[in-house]
Protein chains: 2
Amino acid sequence: MEISKDLIRGHTDTIILNILNQGDSYGYQVSKSIRQLSDHQYELNEATLYTAFRRLEKLGDIESYWGDETQGARRKYYRITSQGQDHLATALDEWRFAKKVISNLISGRIEL
Amino acid sequence: MEISKDLIRGHTDTIILNILNQGDSYGYQVSKSIRQLSDHQYELNEATLYTAFRRLEKLGDIESYWGDETQGARRKYYRITSQGQDHLATALDEWRFAKKVISNLISGRIEL
DNA sequence: TAAACTACTGTGCTTGTCAAAGTAATTTAC
DNA sequence: GTAAATTACTTTGACAAGCACAGTAGTTTA
């Protein structure tokens with residue numbers, strides 16, 4: 001089963017915040033976490049991921065710092081801010097609510 | 001609670017198909033059905049609605065015909081096609097699946 | 001030493017949605 | 001009787017998220 005891109009749209013930032021809320025991470029690892037969390041059902045395009053990082057940093061939901069790798073390629077790490085944690089909590093609430101509304105909209109009966 | 005536009009994105013066509021699956025309808029009435037189905041939590045922008053009608057008609061999921069109103073403004077009615085009914089069923093399956101995947105992505109724990 | 005993997009960035013395009021404005025008829029309120 | 005509200009459909013222009021594609025660069029494995 002393929003998940004249409006538009007069904008994920010609007011969740012990208014929340015997905016990243018959820019992952020960073022469990023510990024600092026960097027692009028490639030976040031990418032792998034998404035694969036793992038979705039049971040290999042979903043992959044986020046690299047460009048989308050890094051675009052989201054920049055958006056979230058601009059918003060103040062995350063902060064970045066370069067790791068000092070003694071080996072391997074350089075990595076930019078991201079850390080969630082307390083504002084980011086607030087936004088994550090809000091987004092989770094919104095999702096619980098939206099889930100019901102959407103279910104009604106796409107399969108509910110119309111009462112005249 | 002406000003539902004962000006991006007959470008509905010990707011569902012617009014399915015919402016319309018669900019409504020038309022319960023009987024032919026026209027723009028304004030579909031708009032009201034959406035308000036009713038969402039318990040006044042959501043409203044679809046007119047331009048978005050009519051854009052979706054045109055998209056769905058081009059795809060062959062719906063068909064249109066002008067009503068012969070003896071009174072009131074002219075109305076363009078829409079009817080779901082059997083292809084549209086197939087697509088509606090597929091979209092409902094996809095939603096059931098995506099709901100779980102999304103929930104995992106935004107609130108699941110990462111196992112190392 | 002070539003291939004595969006890790007890691008990040010930039011450009012340009014597509015698509016869905018929306019705000020705003022327009023057209024036009026009908027119905028309700030003053 | 002006319003102004004306001006409602007019904008009903010359309011067009012235009014803009015925006016933001018996401019993506020494909022391409023590029024840079026270091027590391028590990030075959």
Side-chain angles (χ1 to χ4, degrees), chain A residues 2-17 19 24-35 38 42-59 61-62 64-78 91 98 102 105-106, chain B residues 2-17 19 24-36 38 42-59 61-62 64-78 91 98 102 105:
Chain A
E2 267 280 301
I3 299 179
S4 115
K5 313 296 175 187
D6 278 331
L7 292 190
I8 300 286
R9 193 184 171 117
H11 296 290
T12 306
D13 291 0
T14 314
I15 292 168
I16 293 171
L17 290 178
I19 289 167
D24 293 8
S25 191
Y26 53 94
Y28 212 75
Q29 203 177 51
V30 167
S31 194
K32 282 192 286 181
S33 293
I34 289 173
R35 223 173 296 138
S38 71
Y42 188 67
E43 290 197 22
L44 200 60
N45 184 287
E46 266 187 285
T48 306
L49 180 64
Y50 289 106
T51 302
F53 277 144
R54 273 176 242 124
R55 180 174 52 238
L56 285 167
E57 191 163 21
K58 205 171 166 189
L59 284 170
D61 283 2
I62 63 174
S64 68
Y65 56 96
W66 286 101
D68 53 342
E69 270 61 53
T70 47
Q71 66 197 44
R74 78 204 191 292
R75 294 172 178 169
K76 193 188 264 186
Y77 283 85
Y78 293 93
I102 292 169
L105 282 168
I106 67 175
Chain B
E2 267 280 299
I3 300 179
S4 115
K5 313 297 177 185
D6 278 333
L7 293 190
I8 299 287
R9 194 182 171 115
H11 294 291
T12 305
D13 291 2
T14 314
I15 292 167
I16 293 171
L17 290 177
I19 289 167
D24 293 8
S25 191
Y26 56 93
Y28 212 75
Q29 202 178 54
V30 167
S31 195
K32 282 192 288 181
S33 294
I34 289 174
R35 225 174 296 140
Q36 189 239 294
S38 72
Y42 187 67
E43 288 197 24
L44 197 63
N45 183 286
E46 268 186 283
T48 307
L49 180 63
Y50 290 107
T51 302
F53 277 145
R54 271 175 242 124
R55 179 173 55 238
L56 286 166
E57 189 164 22
K58 205 172 165 187
L59 285 170
D61 282 2
I62 62 174
S64 67
Y65 56 95
W66 285 101
D68 52 344
E69 270 61 55
T70 46
Q71 66 198 43
R74 77 206 191 291
R75 294 169 178 170
K76 193 188 261 186
Y77 283 86
Y78 293 93
I102 292 169
L105 283 167

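Within every chain, numbering begins at 1; the chains are lettered A, B, ... in the order of the sequence lines, protein sequences first and strands thereafter. Just so we're clear, the structure is a prediction, and the values are computed from it rather than from any experiment.
- Contact annotation for B:Thr12: backbone-only contact, meaning every heavy-atom pair under 4.0 Å involves sugar-phosphate atoms and none involves a base.
- Direction change of the helix axis from one end of the helix from C:dT1-D:dA30 to C:dC30-D:dG1 to the other is 20°, with five pairs defining each end axis (rounded to 10°).
- Among residue pairs with one or both ends in residues 6-15 of chain A, those qualifying as salt bridge (Lys or Arg N to Asp or Glu O under 4.0 Å) are A:Asp6-B:Arg9, A:Arg9-B:Asp6, A:Asp13-A:Arg55; sequence neighbours excluded.
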Polar atom pairs (N or O), protein with nucleotides 8-10 of chain C, under 3.5 Å:
residue : atom : partner : partner atom : Å
C:dC8   : OP1  : A:Lys76 : N            : 2.4
C:dC8   : OP1  : A:Lys76 : O            : 3.2
C:dC8   : OP2  : A:Gly27 : N            : 3.0
C:dC8   : OP2  : A:Tyr28 : N            : 3.3
C:dC8   : OP2  : A:Tyr50 : OH           : 3.0
C:dC8   : N4   : A:Glu46 : OE2          : 2.8
C:dT9   : OP1  : A:Lys76 : NZ           : 3.0

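- Closest approach of A:Arg75 and A:Trp66 over heavy atoms only: O-CE3, 3.3 Å.
- As rounded to whole Å, 12 Å separates atom P of C:dT17 from atom CG of B:Leu7.
- For the atom pair CG (A:Asp24) and OH (A:Tyr77), the distance works out to 9.0 Å, reported to the nearest 0.5 Å.
- Residue A:Thr48 places at least one side-chain N or O under 4.0 Å from the OP1 or OP2 atom of D:dC19.
- The CG atom of A:Leu105 sits 10.5 Å away from the OG1 atom of B:Thr14 when rounded to the nearest 0.5 Å.
- Applying the salt bridge (Lys or Arg N to Asp or Glu O under 4.0 Å) rule to A:Glu43 yields the partners A:Arg35; only residues at least two apart in sequence or on another chain are considered.
- For the atom pair OG1 of A:Thr51 and CD of A:Glu46, the computed distance is 11.0 Å after rounding to the nearest 0.5 Å.
- Between the CD1 atom of B:Ile8 and the C1' atom of D:dA17 there is a distance of 16 Å, given to the nearest Å.
- In this structure, B:Lys58 atom NZ and C:dG16 atom C1' are separated by 14 Å, rounded to whole Å.
- Rounded to an integer number of Å, the gap from CG of B:Leu44 to P of C:dG16 is 13 Å.
- Residue A:Leu56 contributes atom CG, which lies 12 Å from atom C1' of D:dA17 at whole-angstrom precision.
- Taking OG1 of A:Thr12 as the reference point, atom CZ of A:Phe53 lies at 11.5 Å (rounded to 0.5 Å).
- B:Ile19 approaches B:Ser33 most closely through the heavy-atom pair CD1-CB, 3.8 Å.
- B:Ile8 is listed as a side-chain neighbour of B:Ile15, based on a closest heavy-atom distance under 4.5 Å.
- Once rounded to the nearest 0.5 Å, the distance linking OH of A:Tyr50 with CG of A:Asn45 reads 11.0 Å.
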N/O contacts under 3.5 Å, protein versus nucleotides 13-16 of chain D?
none

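- Rounded to whole Å, the distance from NZ on B:Lys5 to P on D:dG18 is 17 Å.
- Remark: A:Glu57 pairs with A:Ile62, A:Ser64, A:Tyr78 by the side-chain contact (heavy atoms from CB on, under 4.5 Å) rule, at least two apart or across chains.
- Following rounding to the nearest Å, B:Arg35 (CZ) and D:dT6 (C1') show an atom-to-atom distance of 11 Å.
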